[in-house]
Amino acid sequence: MEIKVTQAEQNQLKTKPSDESQLGFGDIVTDHMYKMDWETGKGWSNPRIEPYGPIAIDPAAMVLHYGQEVFEGLKAYTAQDGGINLFRPEENFKRINRSAERLCMPEVDVNLAMEGMKKLILLDRDWIPRSEGTSLYIRPTMIATEPHLGVRPARTYLFYIIIGPVGAYYKEGLNPVKIHVEDFFVRAAIGGTGEAKTSGNYASSLLAAEEAKKKGFTQVLWLDAAERKYVEEVGTMNMFFVIEDELITAPLNGSILPGVTRDSVIRIVKEWGIKLSERSLPIDEVIAAAKDGRLKEAFGTGTAAVISPVGQITYKGEDHVVAGGEMGELSHKLYDEIVAVQYGHKPDPYGWVERIA
Ligand code: COI
């Protein structure tokens, strides 16, 4: 299927940010977007790139009422030699299709979506920032567009991709964040939608996150929904803890997002010969280790956040400083390794980088 490209008129072009050091996350979008439509019996059609702009949607569109939405987050980087690198893009498209299946939405045509994404990035390539720590964030999204008020899967969908230059996700940048362990609200239960990347998971996380922010925390660390006993994830990141010589992360048991950066960290540390356990980790074990000095480091992983060190964990009103409130040695090493591969500062021994220009 041919992708139709309609370029923005000169007067529709936006002003690009002039200072890359001031880029935050999520406020700036480029001049174009990619779209394609799906309907029952017809499948995907009309792949197109258009000037970025609002989408006309029926007020009865099912996404607005019953939340059939899935999305992804990946990045393009300006490589050391001026080329453009993507990081494990096929993983994001596999995941959007697993999310779509959970939400009774159609499977995205991965070849068409990837082709559209690359075309879009190349068309708006002047928007890709160049300095380390900055990138072009890519947000593939699918929504149910059929106007219908009965509860059932929709029969029409829109898939679209928007892109925009970003810097660090947290205002702290690479400085350690403070996290609040949430022991009342839960993010997701086993059997729910926790492992799908869908808007409802984020909507349900907001109240606890807002309350935590008012108290000075950056994020909430979720515990399992059944017992409030085991560490799960931090809504925007998967979590890792170094207790003595063991690096521990929660297993993918159905309520946790299977992060691409999480998977990359696991692969890297295995290569490095570090003892890695994907196991249920009781919060009491983390706190006991923090109290007697065995908790060496804690960090989050995510596409937006990359590696984000945790400098303080607060549980039941007690603060526990982690790694002296600094970025730990392993967190630093992992950050350097992942960034070096993404920006092409070193050869990619993992086969993760896809060069598109
Ligand atoms: C990402 O890391 O790409 C995410 O999607 C996390 C958040 C910005 C929703």
Side-chain angles (χ1 to χ4, degrees), residues 23-29 67 69-77 85-100 102-103 108 113 117 121 128-129 133-143 159-174 177 179 187-188 193-210 212-213 218-222 232-240 249-250 252 255-266 299-310 331 334-335 338-339 342 352:
L23 285 172
F25 183 91
D27 293 319
I28 304 172
V29 287
E69 188 263 10
V70 291
F71 71 97
E72 270 305 322
L74 66 157
K75 285 174 172 173
Y77 308 83
N85 286 348
L86 293 173
F87 186 70
R88 309 187 73 184
E90 67 289 345
E91 294 303 318
N92 295 88
F93 284 94
K94 277 187 210 155
R95 188 171 64 187
I96 203 170
N97 277 338
R98 292 198 302 273
S99 301
R102 179 64 183 82
L103 276 286
V108 174
M117 175 180 72
I121 295 169
I128 310 177
T134 66
S135 55
L136 184 82
Y137 188 72
I138 304 162
R139 175 53 65 86
T141 308
M142 178 170 33
I143 57 173
F159 172 85
Y160 62 87
I161 301 176
I162 54 176
I163 56 179
V166 297
Y169 185 73
Y170 298 120
K171 68 172 177 6
E172 287 89 344
L174 264 192
V177 297
I179 56 174
R187 174 183 173 274
T193 57
E195 68 183 347
K197 203 159 178 65
T198 181
S199 49
N201 292 337
Y202 297 82
S204 68
S205 77
L206 294 175
L207 181 55
E210 284 306 291
K213 267 187 219 159
T218 316
Q219 272 291 333
V220 166
L221 173 59
W222 301 103
E232 295 234 308
E233 62 163 85
V234 167
T236 46
M237 306 190 287
N238 294 112
M239 278 301 299
F240 286 81
T249 192
L252 300 178
S255 59
I256 290 172
L257 191 84
V260 177
T261 314
R262 174 189 180 280
D263 184 72
S264 308
V265 162
I266 290 173
F299 59 89
T301 63
T303 297
V306 197
I307 301 282
S308 177
V310 172
S331 318
L334 282 164
Y335 176 84
I338 290 175
V339 163
Q342 289 170 335
W352 286 339

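Atoms considered below: every heavy atom in the structure, side chains included; atoms not considered: hydrogens, waters and symmetry mates. Order of listing sets the numbers, starting from 1, for every ligand and every atom in it.
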- Item | Under 3.5 Å side-chain donor-acceptor pair for Ser255 and Arg187 | no
Does Asn201 offer a backbone N or O that forms a donor-acceptor pair with the side chain of Ser204 under 3.5 Å?
yes
Those residues at least two apart in sequence (or on a different chain) that pass side chain to side chain contact (heavy atoms under 4.5 Å, CB included) with Arg102 are Thr193, Ala196
Looking at Tyr160 versus Phe71, is the centre-to-centre ring distance below 6.0 Å?
no
Over 60° means perpendicular and under 30° means parallel, so tell me whether Tyr77 and Phe87 are parallel, tilted or perpendicular. perpendicular
Taking a 3.5 Å cut-off between nitrogen or oxygen atoms, can you list every pair linking ligand 1 to the protein, with distances?
| unit_1 | atom_1 | unit_2 | atom_2 | d |
| --- | --- | --- | --- | --- |
| ligand 1 | 2 (O) | Thr303 | N | 3.3 |
| ligand 1 | 2 (O) | Ala304 | N | 2.8 |
| ligand 1 | 3 (O) | Tyr137 | OH | 2.6 |
| ligand 1 | 5 (O) | Tyr137 | OH | 3.2 |
| ligand 1 | 5 (O) | Lys197 | NZ | 2.9 |

*Look at the side chain of Lys197 and the backbone N and O of Arg95, then say whether any donor-acceptor pair between them is shorter than 3.5 Å.*
no
